[in-house]
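Here's the structure we're looking at; comments come further down.
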Amino acid sequence: MSKVKTRFAPSPTGFLHIGGARTALFNWLYAMNKNGKFYLRIEDTDKARSTDKAIKAIFDGLEWLGLSWEEKIIFQSKNISRYREVVDILIERNKAYFCYASENELSEMKKFARENGLKKTYNGLWRDKEPTDNEKNIKPVVRFKSPQVGETIITDLVQGEVKIKNEQLDDMVLLRSDGTPTYMLSVVVDDYDMEISDVIRGDDHLNNALRQINLFHALEWDPPNYAHIPLIHDSGGKKLSKRENAVGVDEYKKMGILPEAMKNYLLRLGWSHGNDEIISENEAINIFSINNIGKSPSRFDLKKLKNINSIYLKNMPKKELLDLVINLLNDSHDKKIIEDNLEKFKMILDDLIERSDNLKDLILNSNFLFDKEIYLNKDAENIIENSDKIIIKNFISSLNNEKDWSTKNLEILTKSFAKDNSLHLKDLAMPLRASITGNNNSPNIFKVMFALGKDLSLNRLQKFY
RNA sequence: GACCCCUUCGUCUAGCGGUUAGGACAACGCCCUUUCACGGCGUAAACACGGGUUCGAGUCCCGUAGGGGUCACCA
């Protein structure tokens, strides 16, 4: 059996799209599962739209997700001569021809096709036609001589058998008038040259696959296996749009999503293994199969992603998590402050994790530790406003006299003070929380007070009482 | 418009001719609780519709409807 080789072949026109990320993941998992190889191919034959920045964004995105690729990256822009060579073979075999149709003629054909309910737009005008001397001044494109009778069948690993009548297929452009290849040509040539065994890609390519198969046949090459996976839609069932969702993986990174969680979520979007939900990378490699890819499109659900993220957050080794958080803190706080408060932070880290489903929130929830000034939110303001100032002042002075500033003792102390004064615990605890953290919710307030220490805690309390 | 694909709880999905149609997220309720969470327990929630085939259909076939994709010298 020949070796499994898959590829992820984005065109570098923007960020790494969430759908692209899933496609890459499936290709990667399949290759790893089969002990094969996963390649990266940059489809940059459209010079006008391709940018280095986009190439970097794709690398960064894949790297973040931990999808490692074979060192040899194919850039299609560097294979131009190879594509032309293949076109020469095609012309020689009378499977391709020059087309001198003008822009006007082409748009007339499109109009005609549209008006007559035809799928095929180009009408084959130049199939068997020689140019006049005048027309020879026009730079021609090269078109593929697509079969006109019979039907083309593809046995797709996901979609099953898909057929189309060949009369529906028109003669696609292989080489543009400037001599650069089109996608239809370069994909076929590279998949063959790279010995790609399985092409896993979005089902927006399903129609293209039918045309590409004919090219393979004309070249007398064996086509790869195809697996066209359904697209990811937004929550309304429409194409993922920037307006409603973040569509670049980098945005999820910024949101504080862990790459492992992202991978797990993406894996379960369109693929399943019984009732499994949380699947480690190793497990995924072991059990991934194309058989279990669903045929219907799925909708992107941020809530589920966050849920999975919170699970990964809770199970992550503390050291690793700490490194990530410190890194992120560096973006918003100065180094000294982070260092000075690191021990305190560690004391309440578990509590913070419990309350966050992403790293960004986790940091937000720890602001009371790292911010020099406490800013009261609206709820905290109200809590302080409506508290019994005299009682709290009394309580503060009894705290002031306290020597044992442990979590446990602070709790005992507060409870008995509440009891002695016929108060509910929350009548004391909430004002403490509000003035110490500036917030109406936080981790266990006694733990927070312990972490902050007596001086700082009392300091903050005395600001408001 | 033509062609191709799809259709199980709100969402992701299990199911591969006989199931009380299962799980997860979300929602709701209860318990825990100083808050917010976490956790525990529970409730509600689906086979798009219509015909066949079959003793029997979520599962197979055909229509209808709805959704998506493709129709470039973009990929």
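Remember, it's a predicted structure, so these values are computed and weren't measured experimentally. Protein chains get the first letters and strands the later ones, always in sequence-line order, with residue 1 at the start of each.
The residue A:Lys119 sits close to a base: some heavy atom pair falls under 4.0 Å. Within 4.0 Å of A:Thr45, counting heavy atoms only, lie sugar-phosphate atoms of the nucleic acid but no base atom. Looking at heavy-atom distances under 4.0 Å, A:Lys239 makes contact with sugar-phosphate atoms alone, never a base.
Judged as a side-chain hydrogen bond (donor to acceptor under 3.5 Å, both in side chains), the pairs with a partner in residues 149-166 of chain A (not counting sequence neighbours) are, in order, A:Thr152-A:Asn166, A:Thr152-A:Asn214, A:Asp156-A:His228. Counting only residues at least two apart or in different chains, side-chain hydrogen bond (donor to acceptor under 3.5 Å, both in side chains) contacts with residues 106-124 of chain A comprise A:Thr121-A:Asp170. Counting only residues at least two apart or on different chains, the salt bridge (charged side-chain N to carboxylate O under 4.0 Å, His left out) pairs with a member in residues 259-277 of chain A are A:Lys263-A:Glu281, A:Arg268-A:Glu277, A:Glu277-A:Lys304.
Nucleotides of RNA chain B nearest to A:Leu118 and A:Met184 differ in position, and the one nearer the 5' end is that of A:Leu118.
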Heavy-atom protein contacts under 4.0 Å, nucleotides 5-16 of chain B, coded B base, S sugar-phosphate only, - none = SSS---SBSS--
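Of the side-chain N and O atoms in A:Arg201, none sit less than 4.0 angstrom from OP1 or OP2 of B:A75.
Annotation: ring pair (Phe, Tyr, Trp, His ring centres under 6.0 Å) contacts of A:Phe8 (sequence neighbours excluded): none. For A:Phe446, there are no ring pair (Phe, Tyr, Trp, His ring centres under 6.0 Å) partners, not counting sequence neighbours. Judged as a side chain to side chain donor-acceptor pair (under 3.5 Å), and not counting sequence neighbours, the contacts of A:Lys318 are A:Asp350.
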Atom pairs, protein N/O to nucleotides 37-39 of chain B N/O, distance under 3.5 Å:
{"from": "B:A37", "atom 1": "O2'", "to": "A:Glu354", "atom 2": "O", "distance (Å)": "2.6"}

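With both pairing distances under 3.5 Å, B:C25 is matched to B:G10 as a Watson-Crick or G-U wobble pair.
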Solution key, residues 290-302 of chain A side-chain donor-acceptor pairs under 3.5 Å, sequence neighbours excluded:
{"from": "A:Asn292", "atom 1": "ND2", "to": "A:Ser289", "atom 2": "OG", "distance (Å)": "3.2"}
{"from": "A:Arg299", "atom 1": "NH1", "to": "A:Ser235", "atom 2": "O", "distance (Å)": "3.2"}
{"from": "A:Asp301", "atom 1": "OD1", "to": "A:Lys303", "atom 2": "N", "distance (Å)": "3.2"}

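In this structure, A:Asp234 contributes its side chain and A:Lys238 its backbone to a donor-acceptor pair below 3.5 Å.
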